[in-house]
2 protein chains.
Amino acid sequence: MVIDQLSLTFSALADPTRRAILARLTSGQTSVTELAAPHDMSLPAISKHLRVLEHSGLITRSRAGQVRPCQLKAEPMKDAVDWLERYRRHWEERLDRLADYLQELQANAPRQKGKRRGRAGKTSR
Amino acid sequence: MVIDQLSLTFSALADPTRRAILARLTSGQTSVTELAAPHDMSLPAISKHLRVLEHSGLITRSRAGQVRPCQLKAEPMKDAVDWLERYRRHWEERLDRLADYLQELQANAPRQKGKRRGRAGKTSR
DNA sequence: TTAGTATTTAACCGATTAGTTAAGTAACTC
DNA sequence: GAGTTACTTAACTAATCGGTTAAATACTAA
């Protein structure tokens, strides 16, 4: 099944080992072995993490002799941030509360005395 | 096992259904049934999604009669954005490439004729 | 060619995930 | 209290995840 890019990005970022790897890559491309060093897990485990990072487009890999250097490609993070930014005002102001308050006001507006249920429609499928 | 908040947030955001639910909640708190309506899945499935959103701190739930309204709590997104922002320059400029270039320069610095392997050390454990 | 280094692939495992259906709970309506 | 509405819990399933060890691959060095 096809999985959208944003889901791919967020789920790649959901693992602390992978985030640490990305952090390390901000100081330049490096080998798998060196990326593995700080982590208390086997090389194949790291290799798998790198594969999901590559799959999500957050790194690219090349070849230089025996070593396969990994390089950061932060572009997909842009879309993640763009998505999140739409919520900024919600965590900065208490706008979520405000939206609820306004909705409450409208819901309790005249000509609907008490127990309205505003077109519930379609009980699931 | 304890799982860090950032991983919790990113993995909550990694599902398109959950992102759609959050998007819906920007226009005010609402019931589980109404949140479920646009999605082609059972109510228990939605209930589970809401549980992971609650667990990650992205929503809160209350009780108003029979209905359990969900409310957006965008705060955890702030930390997600803060984490991502450290990479902004990497997707805006081509800074990732630059870092690699600088590292390359240093690696090829004099007094290391040709095939250095810059203290490989510690072959994993 | 033989040995060593870097990394991936294969096969397996236990835990988690995302969904299902069926049954349970809690409040409201009559 | 009987039925309806709104939701959750339980039990199950198939797929995915994050790790393992062992073996394979690919290059380098002697």
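Each chain gets a letter, A, B and so on, in the order its sequence line appears, and its residues count up from 1. Everything numeric in this text was worked out from a predicted model, so none of it was measured.
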| said: I need the CZ-P distance between B:F10 and D:dC17, as an integer number of Å. | reply: 17 Å
| Gap between atoms CG and C1', on B:L43 and D:dT8 respectively (whole Å) | 9 Å
| Hey, is the main chain of A:G65 close enough, under 3.5 Å, to the side chain of A:R63 for a donor-acceptor pair? | yes
| message | Measuring from the side chain of B:R63 (C-beta onward, heavy atoms only), which nucleotide among C:dA27, C:dT7, C:dG19 has the closest atom? | response | C:dA27
| message | Using the side-chain heavy atoms of B:V32, tell me which of these nucleotides is nearest: D:dC7, C:dG4, C:dG19. | response | D:dC7
| query | In whole Å, what is the span from the CE atom of A:M41 to the P atom of D:dC17? | reply | 16 Å
| request: Give a yes or no answer on whether the side chain of A:R24 reaches the backbone of A:A36 with a donor-acceptor pair at less than 3.5 Å. | output: no
| Can you tell which of D:dG19, D:dT9, C:dA18 lies closest to the side chain of A:A45? | D:dG19
| task | May I ask you to verify whether the side chain of B:Q66 and the base of D:dT5 hold a donor-acceptor pair under 3.5 Å? | result | yes
| request: Would you check if the side chain of A:Q5 reaches a backbone N or O of A:S56 as a donor-acceptor pair within less than 3.5 Å? | output: yes
| request: Report yes if at least one side-chain N or O of A:R61 is closer than 4.0 Å to OP1 or OP2 of C:dT8; otherwise report no. | output: yes
| For B:L13 and C:dT17, what is the distance between atoms CG and P respectively, to the nearest whole Å? | 15 Å
| task | Mind calculating the distance between CZ (B:R51) and P (D:dC7) to the nearest angstrom? | result | 16 Å
| Nearest-Å distance for atom pair CG/P, residues B:L50 and C:dG19 | 12 Å
| Between C:dT21, D:dT21, C:dG19, which nucleotide has the shortest distance from any of its atoms to the side chain of A:S42? | D:dT21
| remark: Regarding the side chain of B:S31, the nearest nucleotide among D:dG19, D:dC7, D:dA10 is D:dC7
| field | Phosphate contact (C:dT17 OP1 or OP2) by B:H49 side-chain N/O below 4.0 Å | value | no
| remark: Of A:R18 and A:G65, the one whose closest nucleotide on DNA chain D sits nearer the 5' end is A:R18
| Under-4.0 Å side-chain N/O to phosphate OP1/OP2 contact, B:S47 with D:dT8 | yes
| query | Rounded to the nearest 0.5 Å, how far apart are CD of B:E75 and CD of A:E92? | reply | 10.5 Å
| request: Choose from C:dA22, C:dA18, D:dT21 the nucleotide whose nearest atom is closest to any side-chain atom of B:K48. | output: C:dA18
| message | With a 4.5 Å cut-off on side-chain heavy atoms, are A:L58 and A:L13 touching? | response | yes
| note | Per nearest nucleotide of DNA chain D, the residue lying toward the 5' end, B:P69 or A:A64, is B:P69
| task | Measure from NE2 on A:H39 to C1' on D:dT20 and round the result to the nearest Å. | result | 17 Å
| Between D:dT21 (C1') and A:I46 (CD1): distance, integer Å | 16 Å
